[in-house]
Amino acid sequence: MIDLKQLRESPERFIQGAEAKNIDVDIDRLLELDQQRRDLLQKQETLRAEQKKIGKETGPQIGKLKGQLKSVEDSQRPELEARISELEARPAALKQQIHDLDESLAVIEPEWKKIQLQVPQPPDDDVPRGSSSDDNVEIRRWAPEGWDWDKSFEENRGFAPKTHLELVHDLNMVDFERGVKVAGSRSYVLTGAGMRLHQAVLAFGMQHICEKHGFRATSVPVLVREQAMVGTGFFPGGIEQTYHIDSDSTPGPGQDLYLTGTGEVGLMSLHSDEIVDADQFPMKYATVSTCFRREAGAAGKDTAGLYRIHQFDKVEQVIIDKADEATSRTHHETMISIVEELLQAMQLPYRLLQCCTGDLGSKNADMIDIECWIPGRGDEASNGRPAGEFGETHSASRLYDFQCRRLNLRYRDKDGKTIFCHSLNNTVVASPRILIPILEMHQQADGSIIIPDVLRPFMGGCERISS
RNA sequence: GGACAGGUGGCGGAGCGGUUGAACGCGCUGGUCUCGAAAACCAGUAUGCAUUUCGGUGCAUCGUGGGUUCGAAUCCCACCCUGUCCGCCA
């Protein structure tokens, strides 16, 4: 959520920000409603002040007179009643006016709130303008020694690569058919070495971020209240991406909940509605959680394999810290470098992409995607085999106070003022998607797969997966 | 599935129709005392919005929304949430 004060002061910044992000939101209308609302509130406040003042003066009198009314003789009643109704007349009139203003406000506020939740955070000035992921800008890339970016996998390694689909089939690591039988399209069942490797990657990710970088290991609810989805900024925009445990069809307590698409929701919601102690900054959390995504609107895209699926597991990192842009930028770089360490440790070639304004999503001021090289992806080369392509495996967001404002997550500065925190989040590792580059990049000419050193301790020392 | 209880400030906990934005306790901040600390004592200590001659001032907020009333934390209705006991399941 954006700061309405800032919006009033510099609406252009937000209008241009929404435009750059390709988000259609009627900011002029919001400003208009905001002005109306403020006018109404001001009028109402004045009336209330008067009502209160009168109430203090005449209230006790009325009470006393009404008491007398009970014990007094009939002949004196009319006079008493007249005095009471005289005293009651003014506050009653005020009450009616205040009530009318309430009704006017009730007309405005739903739309006012709705648009407010839709206004995106303007992108930072140094984010390149663009309309889609095609306009993202590569920052840098890395590959293990011996890998030549100008050559194909076959030229680099001396044999034609299999796709991950072929590999998991040949090595019996995934059962897609039964996955689909049980759970429908985009479902899978990891088996044997597939499941072991999946768990190894997640365990490695948790170990790395917690032990090497001091993030606090934390579990999160993956079934959450709507407020957590709104607070973290996934709603209203992402509602069609989200599974809903529906109270209409299955009434009863605990039935109106949503399945989270990322551990970020649970982690960031931990401190919602809190004024956290600034001494704890920066607050660094890591979790591993199952993530659920409906992938609505992605029909026909990446239908085969482990790339785009409804359910996966992810190690996620978040940082909450004081409201300072420079600090946020530093954290952002740190969180990205943690991922780079991990990918380098697993010897996976990757590149960093600066996402353009059109690809940022509504809540980010800046976002860096990390893409691993996947030999089995992409268009067909002349030999009829995939030419290889980068595939997004990580996404690092810098949100400033946009998310914490929604979550009502604050701290006190030196002067005791409450301030909304800044937040950031980044994938540590998401599996099984990350298994795709691991399998494809570490495959051998004989069809076996060499397990990266760093994962072996989590697989009982196993060095190689072969049929 | 059945039977209840309850939602008040950073926390605990009063209040159940009239200066109650809210007693009391704890915590926190400042001060006195002390060589220093603890204890004791004194003072202060909610959030949001608006307004301001930056000293304040006004309004709202006791789960949420509506209602009754001249007046609601207090009464009524609906909803949300939390907890307890029994049953069931792991």
Side-chain angles (χ1 to χ4, degrees), chain A residues 1-9 30-31 33-70 80-110 112-114 116 221 223-231 235 244-248 250-258 269-280 401 404-421:
Chain A
M1 191 153 54
I2 52 127
D3 184 355
L4 277 179
K5 266 189 212 158
Q6 285 179 20
L7 179 72
R8 283 180 212 123
E9 278 161 21
L30 176 59
L31 286 166
L33 291 168
D34 188 53
Q35 189 56 50
Q36 288 177 18
R37 181 173 168 274
R38 280 153 57 86
D39 289 347
L40 290 170
L41 281 175
Q42 210 147 38
K43 271 186 209 162
Q44 201 179 37
E45 195 179 291
T46 312
L47 294 173
R48 278 218 169 100
E50 199 188 338
Q51 185 191 38
K52 243 183 154 169
K53 206 172 138 209
I54 294 172
K56 268 187 189 158
E57 288 164 4
T58 64
Q61 292 179 46
I62 293 171
K64 212 189 269 178
L65 290 173
K66 282 196 172 166
Q68 285 177 21
L69 203 56
K70 284 175 191 159
L80 273 177
E81 278 166 358
R83 281 178 64 194
I84 289 172
S85 55
E86 190 190 334
L87 285 171
E88 283 181 356
R90 272 217 299 174
L94 287 171
K95 189 187 169 187
Q96 185 57 47
Q97 288 178 46
I98 290 166
H99 185 79
D100 290 348
L101 287 170
D102 264 336
E103 289 192 339
S104 307
L105 281 166
V107 173
I108 290 173
E109 283 192 331
W112 174 76
K113 270 187 199 154
K114 191 179 145 209
Q116 229 186 117
L223 199 51
V224 303
R225 295 208 175 116
E226 183 181 21
Q227 188 48 50
M229 299 300 290
V230 175
F235 284 3
H244 183 198
I245 309 299
D246 183 2
S247 60
D248 292 339
T250 52
Q255 298 293 304
D256 197 5
L257 296 168
Y258 295 86
S269 296
L270 288 177
H271 294 291
S272 61
D273 289 318
E274 288 183 21
I275 299 175
V276 296
D277 188 349
D279 292 346
Q280 294 173 29
D401 66 358
C404 291
R405 188 179 297 279
R406 285 175 171 241
L407 286 164
N408 195 28
L409 202 180
R410 298 166 297 172
Y411 69 101
R412 280 184 206 286
D413 70 359
K414 292 185 222 84
D415 306 325
K417 260 186 76 182
T418 55
I419 303 192
F420 292 108
C421 303

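Lettering of chains follows the sequences in order, A, B, ..., and the numbering in each one begins at 1. Hydrogens, waters and symmetry mates play no part in the numbers below; they use all other heavy atoms, side chains included.
Heavy atoms only, all atoms of each residue included: Trp112(A) and Leu4(A) are closest at CZ2-CD1, 3.5 Å. The two residues Arg412(A) and Ala278(A) come nearest to each other via the heavy atoms O-CB, 4.0 Å. Closest heavy-atom contact between Cys404(A) and Cys421(A): CB-O, 3.2 Å. Heavy atoms only, all atoms of each residue included: Ser104(A) and Leu40(A) are closest at CB-CD1, 3.8 Å.
Listed pair Arg38(A) / C49(B) fails the phosphate criterion, with no side-chain N or O lying under 4.0 Å from OP1 or OP2. Contact check, Arg412(A) against U47(B): a side-chain N or O comes under 4.0 Å of OP1 or OP2. Between Arg8(A) and C49(B) there is no side-chain polar atom (N or O) within less than 4.0 angstrom of OP1 or OP2. Regarding contacts with the backbone of U47(B), every side-chain N or O of Thr418(A) stays at 4.0 angstrom or more from both OP1 and OP2.
Remark: the backbone N or O of Ile98(A) is paired with a side-chain donor or acceptor of Gln44(A) at under 3.5 angstrom.
The side chain of Arg225(A) lies closest to U82(B), out of U47(B), A50(B), U82(B). Taking only side-chain atoms of Glu45(A), from C-beta outward, the nucleotide of A50(B), C59(B), G71(B) with the closest atom is C59(B). The His99(A) side chain lies nearest to G67(B) when the options are G67(B), U51(B), G48(B). Of the candidates A46(B), U69(B), G48(B), the closest approach to any side-chain atom of Lys95(A) belongs to U69(B). Listed nucleotides: A46(B), U69(B), A50(B). Nearest to the side chain of Lys5(A): A50(B). Among the nucleotides U47(B), U69(B), G58(B), the one closest to the side chain of Ala49(A) is G58(B).
Residue Arg405(A) is out of contact with every strand shown, counting any heavy-atom pair closer than 4.0 Å. Among the atoms of the strands shown, none is found under 4.0 Å from any heavy atom of Arg37(A). As judged by a 4.0 angstrom heavy-atom cut-off over every strand, Lys52(A) is placed among residues touching the sugar-phosphate backbone only.
If you take atom P in G56(B) and the same atom in G63(B), they sit 30 Å apart, rounded to whole Å. The same atom, C1', is picked in U82(B) and in G31(B); the two are 42 Å apart, to the nearest Å. Distance check on atom P: U64(B) versus G7(B) gives 13 Å, rounded to whole Å. Taking atom P on both C4(B) and C89(B), the two are 24 Å apart, rounded to the nearest angstrom. Annotation: G65(B) and U74(B) have their P atoms spaced 13 Å apart (nearest Å). Taking atom P on both nucleotides, A73(B) is separated from C33(B) by 44 Å, rounded to a whole Å. Here, C24(B) and C79(B) have their C1' atoms 33 Å apart, quoted to the whole Å. A72(B) and G83(B) have their C1' atoms separated by 27 Å, with the value rounded to a whole Å.
Per the geometry, CD1 belonging to Ile98(A) stands 15 Å off C1' belonging to A72(B), to the nearest Å. Distance CG (Leu47(A)) to P (C70(B)): 18 Å, rounded to an integer number of Å. Distance Met1(A) CE to C49(B) P: 11 Å, rounded to the nearest Å. The CZ atom of Arg410(A) sits 7 Å away from the C1' atom of U47(B) (whole-angstrom rounding). In this structure, NZ of Lys53(A) is placed 16 Å from P of U57(B), rounded to the nearest angstrom. Distance Lys113(A) NZ to G65(B) P: 8 Å, rounded to the nearest Å. Across the protein-nucleic acid pair, Glu50(A) atom CD and G71(B) atom P stand 14 Å apart, rounded to whole Å. Note: CD (Gln51(A)) to P (A72(B)) measures 8 Å, nearest angstrom.
In this structure, U68(B) forms no base pair with any nucleotide, since neither Watson-Crick nor G-U wobble geometry is met with both distances under 3.5 Å. Look at A14(B): it lacks any Watson-Crick or wobble partner with both distances under 3.5 angstrom. Across all strands shown, C33(B) forms no Watson-Crick or G-U wobble pair with both distances under 3.5 Å. Pair check for C88(B) finds none; no Watson-Crick or G-U wobble contact set falls under 3.5 Å. With a 3.5 Å ceiling on both atom-pair distances, G21(B) lacks any Watson-Crick or G-U wobble partner. G83(B): Watson-Crick or G-U partner is C4(B), with both key distances under 3.5 Å. Base pairing of A60(B): its partner is U47(B), meeting the Watson-Crick or G-U wobble criterion (both donor-acceptor distances under 3.5 Å). Across all strands shown, C54(B) has no partner, as no Watson-Crick or G-U wobble contact with both distances under 3.5 Å is found.
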Verdict with supporting geometry, Arg410(A) and Glu274(A), salt bridge (Lys or Arg N to Asp or Glu O under 4.0 Å): CA-CA 6 Å; Arg410(A) 298 166 297 172; Glu274(A) 288 183 21; over 6 Å; no
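With contacts defined as side-chain heavy-atom distances shorter than 4.5 Å, the pair Arg8(A)/Asp34(A) qualifies.
Here G10(B) is in the anti range [glycosidic angle more than 90° from 0].
Between Phe420(A) and Tyr411(A), a ring centre-to-centre spacing not shorter than 6.0 Å is recorded.
The residue among Leu41(A) and Glu103(A) whose nearest nucleotide of RNA chain B is located toward the 5' end is Leu41(A).
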